[in-house]
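Notes follow once the structure below has been shown.
Note: hydrogens, waters and symmetry copies are ignored here, and every other heavy atom, side chains too, is used. To find a chain, count down the sequence lines: A is the first, B the second, and so on, and within it residues start at 1.
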Protein chains: 2
Amino acid sequence: MSQRLRVRKGETLLRPGDSFRTLFAIRSGFFKQVHSMANGREQVTGFQMAGDTLGLDGIGSGQHSSSVVALEDAEVCAMPFVQMEALAREMPPMQKHIHHLLGREMAHERSVMLLLGSMSAEERVSAFLLNLLQRLQQRGLSASELVLRMSRADIGSYLGLKLETVSRTFSKLAAEGLLEVDKRHVRVVDNEALQRTGRGLAAA
Amino acid sequence: MSQRLRVRKGETLLRPGDSFRTLFAIRSGFFKQVHSMANGREQVTGFQMAGDTLGLDGIGSGQHSSSVVALEDAEVCAMPFVQMEALAREMPPMQKHIHHLLGREMAHERSVMLLLGSMSAEERVSAFLLNLLQRLQQRGLSASELVLRMSRADIGSYLGLKLETVSRTFSKLAAEGLLEVDKRHVRVVDNEALQRTGRGLAAA
DNA sequence: CGCCGCTTTGAGGAGGTTCAAACACAGTGG
DNA sequence: CCACTGTGTTTGAACCTCCTCAAAGCGGCG
């Protein structure tokens, strides 16, 4: 039922306007999701890694509304949505699964809304790191060390900050002894303090 | 299958932690949806009116994550979700309908993310008004005049601004000749200019 | 009338942005 | 091998938007 697909770093898997036909389960790699506004401005709305699902936007309209770009070489599984719907009609667990996926997506968007609506730059960056670390830990990786796959500009766009502010905030958190930062390599030194700062963002 | 329910102004229809069992279709009235963060801060995440659906959050976790409060006397239809799921298995149109509802909810949250992430106060307030007006128009009401059901504080919370900023922005838009504002009564004078300012937020 | 909730307006201050310059690093071609 | 270029990051200084604190106005209701 599902077909593997390779996506190279920098390539675009989905574009706004593409008709909604398949979901993609990420087997490996790292993606960013970018939305464009009517006035031309762009904004990163999410980062997806192995185990996450791509393409859920557009389930309502039948058209994708965002572009999805690989930030490193990746492999995905294409799952035709009509087949998933058909399965859902016969197997309630599949129906539950789809609803669960949609629920998670909505929960993520909600948590970003809260972050953008009421957190300071320092809180946003902390919450962002904690969220990434938690998701990496769920996948069996370190909970205190990570390599950022995205640029400062991408992080800033996602967090509603300018790239300079993101950079300054990393420096500040490092100066305060919460992190060690070297370009895209980040190590958490004081996890508790980081939690204290960035608490508020929910899971995946 | 569905049961009517009256909710008086100020009453809470759903609370965070309530188990997810039923969706509510609004027959009349006006609601706000409020989310709380781990750190105690609160934020309005949406306003719902007649024809909108309440309770879609919690479809993933089985628990509601927000409270829903009536901003005026209202009447809603309770629809047990297990029955909707059962129907969806037998009738593809019902399945489509559920997916459509979820898609709309996600689209709304996305549009608010974009608003919060990259628009100025003036743009946010304009986009907010345009969105409300559009939804009122879809319901057969005036596209140029409305009575706000929510306070400046609620608007501010929703738009990621302080209530004073919302008030000032209304005054500014009025001074520029785009609006006439008298407390909660708003009339659009220059719709084009308002569109020019607030474009970027998508539908419902 | 007098209180209370909501709104408006002002003045001052803080957090983020903007503009600019310098640095690090990888890839390229001479 | 090394200058050369391009992209991404860091840091500084000045500015601007929005926030904070404060006071006053409006309107409804007991």
Could I get the full list of salt bridge (Lys or Arg N to Asp or Glu O under 4.0 Å) partners for [X], not counting sequence neighbours?
X	value
A:Glu164	none
B:Arg8	none
A:Lys32	A:Asp154
B:Lys9	none

Checklist entry - Of all nucleotides in DNA chain C with an atom under 4.0 Å from a non-hydrogen atom of chain B, which is the first and which the last going 5' to 3'? => result C:dC6 to C:dA11

Next on the checklist: Rounded to whole Å, please give me the gap between CG in A:Asp182 and C1' in D:dT9.
Outcome noted: 11 Å

Could you go through nucleotides 28-30 of chain D and list every protein N or O atom that sits under 3.5 Å from one of its N or O atoms, giving the distance for each pair?
none

Checklist entry - Taking it one step at a time, do A:Val188 and A:Leu129 satisfy side chain to side chain contact (heavy atoms under 4.5 Å, CB included)? => result CA-CA 9 Å; A:Val188 178; A:Leu129 287 176; 5.9 Å; no

Next on the checklist: By the ring-ring contact (aromatic ring centres under 6.0 Å, His included) test, which pairs, at least two apart or in different chains, include something from residues 13-44 of chain A?
Outcome noted: A:Phe20-A:His64, A:Phe20-A:Phe81

Checklist outcome for this item: The side chain to side chain donor-acceptor pair (under 3.5 Å) partners of A:Ser65 (sequence neighbours excluded) come to A:Asp57

Next on the checklist: Using the side chain to side chain donor-acceptor pair (under 3.5 Å) criterion, which residues pair with A:Glu145? Sequence neighbours excluded.
Outcome noted: A:His185

Item to check | Residue pair B:Ser66 / B:Gln33, side-chain donor-acceptor N/O under 3.5 Å | outcome: yes

Checklist outcome for this item: Numerically ordered, the residues 162-176 of chain B set in heavy-atom contact under 4.0 Å with DNA chain D is B:Lys162, B:Glu164, B:Thr165, B:Arg168

Next on the checklist: For A:Arg41, is the CZ atom crowded, meaning more than 12 foreign heavy atoms sit under 6.0 Å from it?
Outcome noted: yes

Item to check | Contacting residues from residues 145-156 of chain B, given that a heavy atom lies under 4.0 angstrom of DNA chain C | outcome: B:Ser151, B:Arg152

Next on the checklist: Within the 4.5 Å heavy-atom criterion, are B:Leu116 and B:Arg124 side-chain neighbours or not?
Outcome noted: yes

Checklist entry - According to the salt bridge (charged side-chain N to carboxylate O under 4.0 Å, His left out) rule, which pairs have a member within residues 177-189 of chain B, sequence neighbours left out? => result B:Glu180-B:Arg187

